[in-house]
Amino acid sequence: MAAFAAGEAPREADAERLLALRKEALAHEHGEGVAKDPARAAKLYCDGARAGDPEAQFSLGWMYANGRGLERNDALAAYFFDLAAKQGHAQSQKMKRFVGDPTSEVPECMRPALPVDDGQDVIVPSSETQRQVVGLVNQLAPEYGVSPRLALAVIRAESNFNPAALSNKNAQGLMQLIPDTSARFNVKKPFDPEQNLRGGLAYLRWLLAYFEGDVSLVAAAYNAGEGAVNRYRGVPPYAETRGYVKRIIGLFKRDDHPYDSRVTTPSPELPRIRLTKGS
């Protein structure tokens with residue numbers, strides 16, 4: 001589970017580690033005591049930026065704004081200046097006016113690190129349709145910070161990889177989106193595989209942030225709605241939902257998943273849910 005997310009100020013206990021990371025990045029940026037390596041510097045700065053270090057965010061923004069060892073990119077520079085500026089970083093606040101609007105897409109190095117699969121596939125494609133779905137999931141899921149394995153587990157449980165699936169509750173397509181969920185995540189054609197996947201992945205990304213990476217709560221909410229999870233302060237006592245959660249956990253094989261805390265504020269019931277789990 002992610003301890004903190006990009007744009008969130010690092011805890012004091014992490015300050016020493018982030019300072020060491022920044023010093024290593026600076027050395028590679030300028031070639032001080034090590035070979036000059038702007039790409040390595042950018043990666044190290046981005047590691048610090050993802051951990052919430054405003055100085056690393058500013059330094060990476062500066063590299064992009066000035067084309068210092070990287071291809072100049074004002075939109076990316078603005079993205080990192082904006083992160084630091086929101087933490088009160090004065091130089092970043094000044095630099096924002098020179099680089100324009102930030103990119104709306106999260107840079108690849110800032111996306112949460114996804115779990116590594118254990119090698120046991122959720123599904124071995126047995127048809128061309130299934131192969132196409134698996135390929136599309138592997139392509140799209142990382143854009144949303146969702147493990148392809150989790151997305152495939154949901155698809156297997158929901159529709160068994162049938163893009164035309166329709167339930168008696170009017171849940172539609174691969175990820176069985178009900179009309180309200182389709183509208184919520186701007187899915188116009190729920191039986192179009194890519195649109196359906198994007199809607200389902202956007203919902204999973206939201207649920208992961210809302211329940212701070214707790215896969216059992218995310219699965220329960222995907223099946224029964226986040227309102228039911230909040231109301232029961234945990235997995236609702238519905239046989240269908242409990243069976244669904246067990247199946248998702250069995251396929252995904254992990255209890256936690258990285259999440260991006262900027263997507264939404266967490267459930268107000270999480271502290272009470274955790275107390276219940278711990279009792």
Side-chain angles (χ1 to χ4, degrees), residues 1-2 5-6 46 50 103-165 171-178 181-182 184-223 226 244-245 247-264:
M1 182 183 295
C46 204
R50 190 172 61 250
T103 176
S104 58
E105 184 177 344
V106 178
E108 186 175 347
C109 74
M110 293 291 284
R111 296 172 188 168
L114 299 178
V116 177
D117 285 355
D118 61 6
Q120 298 178 9
D121 292 335
V122 171
I123 181 172
V124 177
S126 59
S127 69
E128 182 57 29
T129 296
Q130 288 184 350
R131 277 191 289 274
Q132 289 176 358
V133 171
V134 171
L136 203 53
V137 169
N138 285 328
Q139 174 190 334
L140 296 178
E143 288 184 28
Y144 292 83
V146 175
S147 164
R149 187 178 190 85
L150 178 60
L152 289 169
V154 170
I155 292 167
R156 184 168 185 178
E158 291 286 346
S159 68
N160 200 26
F161 291 79
N162 178 8
Q172 302 168 337
L174 286 169
M175 299 192 77
Q176 289 290 275
L177 305 179
I178 61 173
T181 305
S182 289
R184 181 177 172 186
F185 294 101
N186 199 34
V187 177
K188 306 294 186 186
K189 298 178 180 178
F191 293 106
D192 175 83
E194 181 172 345
Q195 279 201 31
N196 189 283
L197 283 173
R198 287 190 179 278
L201 288 167
Y203 188 31
L204 282 175
R205 174 175 61 185
W206 189 91
L207 288 171
L208 285 164
Y210 191 64
F211 291 114
E212 294 191 339
D214 187 315
V215 176
S216 64
L217 298 180
V218 169
Y222 199 94
N223 178 262
E226 61 266 22
Y244 182 88
V245 170
R247 188 173 186 195
I248 295 299
I249 293 291
L251 291 167
F252 185 54
K253 303 185 186 300
R254 291 174 181 271
D255 296 321
D256 299 313
H257 187 294
Y259 63 92
D260 186 341
S261 65
R262 294 167 298 171
V263 172
T264 188

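The residues of the chain are indexed from 1 along the displayed sequence. Please read these numbers as outputs of a predicted model, since none were measured by experiment.
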One pair to check against side-chain contact (heavy atoms from CB on, under 4.5 Å): W206 and F185. What are the steps and the verdict? CA-CA 10 Å; W206 189 91; F185 294 101; 4.2 Å; yes

For residues 133-145, dump all side-chain donor-acceptor pairs below 3.5 Å to protein atoms at least two apart in sequence or in another chain.
residue, atom, partner, partner atom, Å
N138, ND2, V134, O, 3.3
E143, OE1, R198, NH1, 3.2
Y144, OH, R198, NH1, 3.0

Salt bridge or not for E226 and R184, using N-O below 4.0 Å? yes

Qualifying residue, where the test is side-chain contact (heavy atoms from CB on, under 4.5 Å) with P163 and the options are I155, L197, L174: L174

Could you tell me which non-hydrogen atom of I249 sits nearest to which non-hydrogen atom of S216, and how far apart they are? CD1-N, 4.1 Å

Over all atoms of both residues, closest heavy-atom pair of A221 and L207: CB-CD2, 3.7 Å

So, the side chain of [X] versus the backbone of [Y]: is there a donor-acceptor pair under 3.5 Å, distance only?
X	Y	answer
Q176	A165	yes
N196	F191	no
R50	C109	yes
H257	S147	yes

Using the side-chain contact (heavy atoms from CB on, under 4.5 Å) criterion, which residues pair with S127? Sequence neighbours excluded. T129, Q130

Going from CZ on R149 to CG on L251, what distance comes out if it is rounded to the nearest 0.5 angstrom? 7.5 Å

For E158, enumerate each residue passing the salt bridge (Lys or Arg N to Asp or Glu O under 4.0 Å) test, keeping only those at least two apart in sequence or located in another chain. none

Can you sort out the partners of R247 under salt bridge (Lys or Arg N to Asp or Glu O under 4.0 Å), two or more places apart, ordered by chain and number? none

Residue pair I178, Q172: steps toward the side-chain contact (heavy atoms from CB on, under 4.5 Å) verdict: CA-CA 6 Å; I178 61 173; Q172 302 168 337; over 6 Å; no

Contacts of type ring pair (Phe, Tyr, Trp, His ring centres under 6.0 Å), residue Y244, not counting sequence neighbours: none

Could you list the residues that satisfy ring pair (Phe, Tyr, Trp, His ring centres under 6.0 Å) with Y222, not counting sequence neighbours? Y203

Checking L152 against F161 for the side-chain contact (heavy atoms from CB on, under 4.5 Å) test, could you report, in this order, the C-alpha distance in whole Å, the side-chain angles of both residues, the deciding distance, and whether it holds? CA-CA 9 Å; L152 289 169; F161 291 79; 3.7 Å; yes

